[in-house]
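Residue numbering restarts at 1 for every chain, and letters A, B, ... go by the order of the sequence lines.
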Number of protein chains: 2
Amino acid sequence: MSEPSDARTRFLRLHDALRTRICLLDYPPGSRLSEEALAAEFGTSRTPLRRVLAKLEDEGLVVSQHGVGTIVTDVDPGEMARTYDLRRELAGLVGRLSPVPITDQIVADAAGFLKRGEALLTRPDTRSLARLNMEYFHFGTSLTRNEALREMSERLYYRTARIWLTATARLDLADETAIFVSELRDSLQALKARDGQAAADVRRTHISLCIARVNVLRD
Amino acid sequence: MSEPSDARTRFLRLHDALRTRICLLDYPPGSRLSEEALAAEFGTSRTPLRRVLAKLEDEGLVVSQHGVGTIVTDVDPGEMARTYDLRRELAGLVGRLSPVPITDQIVADAAGFLKRGEALLTRPDTRSLARLNMEYFHFGTSLTRNEALREMSERLYYRTARIWLTATARLDLADETAIFVSELRDSLQALKARDGQAAADVRRTHISLCIARVNVLRD
DNA sequence: AATCTTTATGTTGTGCACAACCTTGATGCG
DNA sequence: CGCATCAAGGTTGTGCACAACATAAAGATT
């Protein structure tokens, strides 16, 4: 029961694994993913794996070229800026479109994220920060019942996650951790007040600030 | 040069063809699509066709069940309502996020759509109306340079297109045609004034009205 | 008659072999 | 030496055969 292991489940697992590797820069932009090697690693054949790569290509994380290889995409700064613009707007919509009522459980979850964030303050680590950010993002989208909004937000998140991560490497890790923790703090405050729109606005604001920080790197 | 016919192009052609058939109700909800039959029709094998079906499944237009078949989805009214909510918001964003400057060519295109719409007034036809609506939608999304916004809007459009079409069949075709033409008229006015935001608001408003008209059918 | 079992049939999922294609390096020629 | 040509190796794309699975009908059993 803990492992249904039907075709769909295996597909989702594979997809999630590769997507995480790409977004955590285990496979940096420009890397070539070998279908055969990956198939061997995951104990399957090329056929199911190709379906996963096709989805990743549809999501804009890789491109496959006949006779060349499947290459992890590098991101165009201009397009990324526009994608961030949209992410910012969608973050605000989470508070307005079919928001879920804020329960004690949700507040507790937010408190849990804050605790994990604060633990990172004393021992900053890029990878842990990225993972926490990823989990916290999913928590944020879970605050709307609008499935389409959740889906689009996640699609865009995974497309921009790497940018923030590479930028963090060039900015100051301790600073970025502190900023993220303050977002968690603001978010928890809003949720404690049972104000979902305020929580969404917190996220919206921090995306705006994140855009600004990343943009200065381009100058 | 007019037909590159490499793998990617064939894939896109197949995908577009099947998506159009589904959204024009050539394949009504509940239909079973045979991989073998479709492969034969398009002169290919199951392998490339399965990739197309996988994308359609990712887009929510079909579901594949092992041992059963690939079935055209029927849409849950509640989820559709929420999807429409999001579409409405995205339509407004087209006017704000990276809008393209309104050129004479754009105004001329809008005038062309209006002309085609008016031609439908004298001889209403569901299928022609649906096709025109589809083309006009793509015209609408082309008014932003934000690729992600275009992509998400289209994704959601194709997920809801069938709802509007089935609703039109139960509403009055002549009425719906008239309403659509009035939207084209309002849109043309806004574009003539070189006001892209106003044009986006026209679309936004009409989506709202469309939601209201479809909703009365549920009572 | 009702119900369980079995079997036949059709469907999607998987693995593998080969085709199509690109890149790279060697080789020959000017 | 420069450059074109070609051959070799590796990669993704395609076709096909078979496995895994679900369904429905036929048959056996109670």
Using whole Å, what does the distance between atom P of nucleotide C:dG13 and atom CG of A:L12 come to?
13 Å

Does any part of the side chain of A:R213, heavy atoms only, come nearer than 4.5 Å to the side chain of A:C210, both counted from C-beta?
yes

Has A:S34 got a side-chain N or O lying under 4.0 Å from the OP1 or OP2 atom of D:dT11?
no

Mark yes or no for whether B:T83, through its side chain, and A:A148, through its backbone, hold a donor-acceptor pair below 3.5 Å.
no

Using whole Å, what does the distance between atom C1' of nucleotide C:dT14 and atom CZ of A:R10 come to?
9 Å

Residue B:A7, side-chain heavy atoms: nucleotide from C:dG13, D:dG13, D:dT12 that is nearest:
D:dG13

Exactly one of A:F137, A:W164, A:Y136 should register a ring pair (Phe, Tyr, Trp, His ring centres under 6.0 Å) with A:F180. Which one does?
A:Y136

Does A:E57 come within less than 4.0 Å of B:R8, counting only side-chain N to carboxylate O?
yes

Considering every strand and a 4.0 Å limit on heavy-atom distances, what is the contact class for A:L53: base, sugar-phosphate, or nothing?
nothing

Using whole Å, report how far CZ of B:F11 lies from C1' of D:dG13.
13 Å

Protein-nucleotides 15-17 of chain D N/O pairs closer than 3.5 Å?
{"unit_1": "D:dG15", "atom_1": "OP2", "unit_2": "B:T44", "atom_2": "OG1", "d": "2.9"}
{"unit_1": "D:dG15", "atom_1": "OP2", "unit_2": "B:S45", "atom_2": "N", "d": "2.8"}
{"unit_1": "D:dG15", "atom_1": "OP2", "unit_2": "B:S45", "atom_2": "OG", "d": "2.8"}
{"unit_1": "D:dG15", "atom_1": "N7", "unit_2": "B:T47", "atom_2": "OG1", "d": "2.6"}
{"unit_1": "D:dC16", "atom_1": "N4", "unit_2": "B:T47", "atom_2": "OG1", "d": "3.3"}

Atom CG of B:D6 to atom C1' of D:dT14: distance rounded to whole Å?
14 Å

Holding to side-chain contact (heavy atoms from CB on, under 4.5 Å), I want the full list of residues that pass it with B:T205, two or more places apart in sequence or in another chain.
B:L209

Categorize B:R32 for me: base, sugar-phosphate, or nothing, with a 4.0 angstrom heavy-atom threshold over every strand shown.
sugar-phosphate

Short side-chain to backbone donor-acceptor contact, A:R46 and A:A39, under 3.5 Å
no

Charged N to carboxylate O under 4.0 angstrom, A:D85 versus A:R82?
no

Please work out if A:L33 contacts a base, only the sugar-phosphate, or nothing of the nucleic acid, heavy-atom cut-off 4.0 Å.
sugar-phosphate

Rounded off to whole Å, could you give me the CD-to-P distance for the B:E36 and C:dG13 pair?
14 Å

Please report the distance, rounded to the nearest Å, between CZ in A:R8 and C1' in D:dC21.
13 Å

What is the separation between atom CD1 on A:I71 and atom C1' on D:dT12, rounded to the nearest whole Å?
10 Å

To the nearest angstrom, the CG-P distance between B:L49 and C:dT12 comes to 10 Å

Filtered N/O pairs between nucleotides 19-23 of chain C and protein, under 3.5 Å:
{"unit_1": "C:dA20", "atom_1": "N3", "unit_2": "A:H66", "atom_2": "NE2", "d": "3.0"}

Test: A:R19 and A:E154 ion pair at under 4.0 Å
no

Using side-chain heavy atoms (C-beta onward) and a distance below 4.5 Å, is A:L61 in contact with A:L18?
no

Measure from the side chain of A:S64, starting at C-beta and using heavy atoms only, and say which of D:dG13, C:dG13, C:dT12 lies closest.
D:dG13

